[in-house]
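To start, the structure under review is shown below, and the notes come after it.
Whatever order the structure lists ligands and atoms in, that order sets their numbers, starting from 1.
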Amino acid sequence: MDYVSTRGAAPSLDFEAVTLAGLAPDGGLYLPAAWPTLSRDEIAGLAGLSYVETAVRVCTPFVGDALSEDELRRLLASAYAGFSHAAVAPLKQLDERHWLLELFHGPTLAFKDVAMQALGLLFETFLGRRTEHLTIIGATSGDTGSAAIHALAGRAHLDVFMLHPLGRVTDVQRRQMTTVQSPNVFNIAVEGNFDDAQALVKAMFNDPAFAGKYRLAAVNSINWARLMLQIVYYFYAAVRLGAPGRRVSFSVPTGNFGDVFAGYVAARMGLPIGKLIVATNVNDILHRALSLGDYSVGGVEATAAPSMDIQVSSNFERLLFDLYGRDGAATAAAMTGFEASKRLDLPPAMRAEAAALLVSARVDADGMAEALRRTASECNELVDPHTAIGLAAAWELAGEVEGPIVTLATAHPAKFRDAVERASGQRPTLPMRAAGLFDREERYATLPAELGAVEAYIGERATPA
Ligand SMILES: *Cc1c(COP(=O)(O)O)cnc(C)c1O
């Protein structure tokens, strides 16, 4: 399988290279040169398979010969062995039509573990083959950082430096990062907000001397392999609810458009999805884009669902590439215009094409709290604020979509227990696998939001390439 850039002007890569790559050199994002498909019989053949076996079948066309089928199976089995539920991603019924797909049974209680646990093993495998060393640098508002650290701690051939905004992540999120005592993990609390931390990471990538010396790499959702690993659970859930004989719809709490784009790819591969509901909070650029054609940047408002507090969703470019008929030059022109003017208008024909699969809803703080209370009282189920936004959107659009509706439960409620308690009056308890989190020693450096200070700290500890 060859991978091409959405901006059409970068050399194509194979799966191994695309896994280790960040942005394409032309500024675009990599995706497969063509969408592979599974036939109706192949989809029917997924019925009853384990999560790992489903993942092998779904990922094989993307991986190509970068790994043998046996290597891929062993890697996936090892990635999911640490999940606390034997089904890895169990479905839970809420009523006759609505289901939750619980994606939070990994080590850090959020869905990012599903992709990240396998990505850590892919990195280790590919870097070991090439005898190369990477320095992973990231900024996190909480979930990505903890998932990355748990996936990469102790892995050979790489170091991780994770920047979080001092005092602005939940105590559970911070401890999930800072209590991991591994010699290749470094936590940095930046005296500033998330945007300051993100700006520092960008500045390091844009400092050629620094980036080249330490071979910097990223683990955010622009990474193709992460998206590939998220396609799997759409097949796994839909097949259990009757696909390919019946269409199934999904509601996806959305931030960077990575998780819902994986659902879009599943549909492209032949999975009969009714609709994908793109659920946003008040940071609603995606809802405005899909419902009005208005993809323009507003301010970011902090909410109880911080992983959705994003204005520019990087993976939206991958959808645009398809909407522009996979024309890299046209996508590049649109994105350059967007980066300059902070707005892009989706023409009606493109909007109609997107609307065949993607619908959207915007859920404010009251709507989130109401959905959280309703699930608690009617279904005896406590959900986290991100999941509650997905559920509110699912209930709002239920009349417009076909089939059973699966809402992706993207985090365990205990990860956001203060917000859950405020909305529902109930305080969720931390699951067994997180027990001890508050007894373990924390280790992190606190640094000013200054490039020189952060580069000096990393330079003293990172391994030159
Ligand atoms: C990251 C995250 C999201 C958003 O996922 P995207 O792929 O960025 O759209 C939603 N909920 C939770 C809990 C998350 O951690």
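What you find for Thr446 and Leu166 is that their closest heavy atoms are CG2-CD2, 4.0 Å. Nearest heavy-atom pair, Gln173 versus Ser141, reported as atom, atom and distance to 0.1 Å: OE1-O, 3.7 Å. Heavy-atom minimum distance, Asn187 versus Met177: ND2-O, 2.9 Å.
Protein residues with any heavy atom under 4.0 Å from ligand 1: Phe111, Lys112, Asp143, Pro253, Thr254, Gly255, Asn256, Phe257, Gly258, Asp259, Ser307, His386, Thr410, Ala411.
For the pair Glu301 and Arg362, the salt-bridge criterion is not met [side-chain N within less than 4.0 Å of a carboxylate O].
The side-chain tip of Arg318 does not point at the ring of Trp224 from less than 6.0 angstrom away and within 45° of straight on. Figure legend: cation-pi geometry between Arg374 and Trp395, with NZ or CZ positioned under 6.0 Å from the six-membered ring centre and within 45° of its axis.
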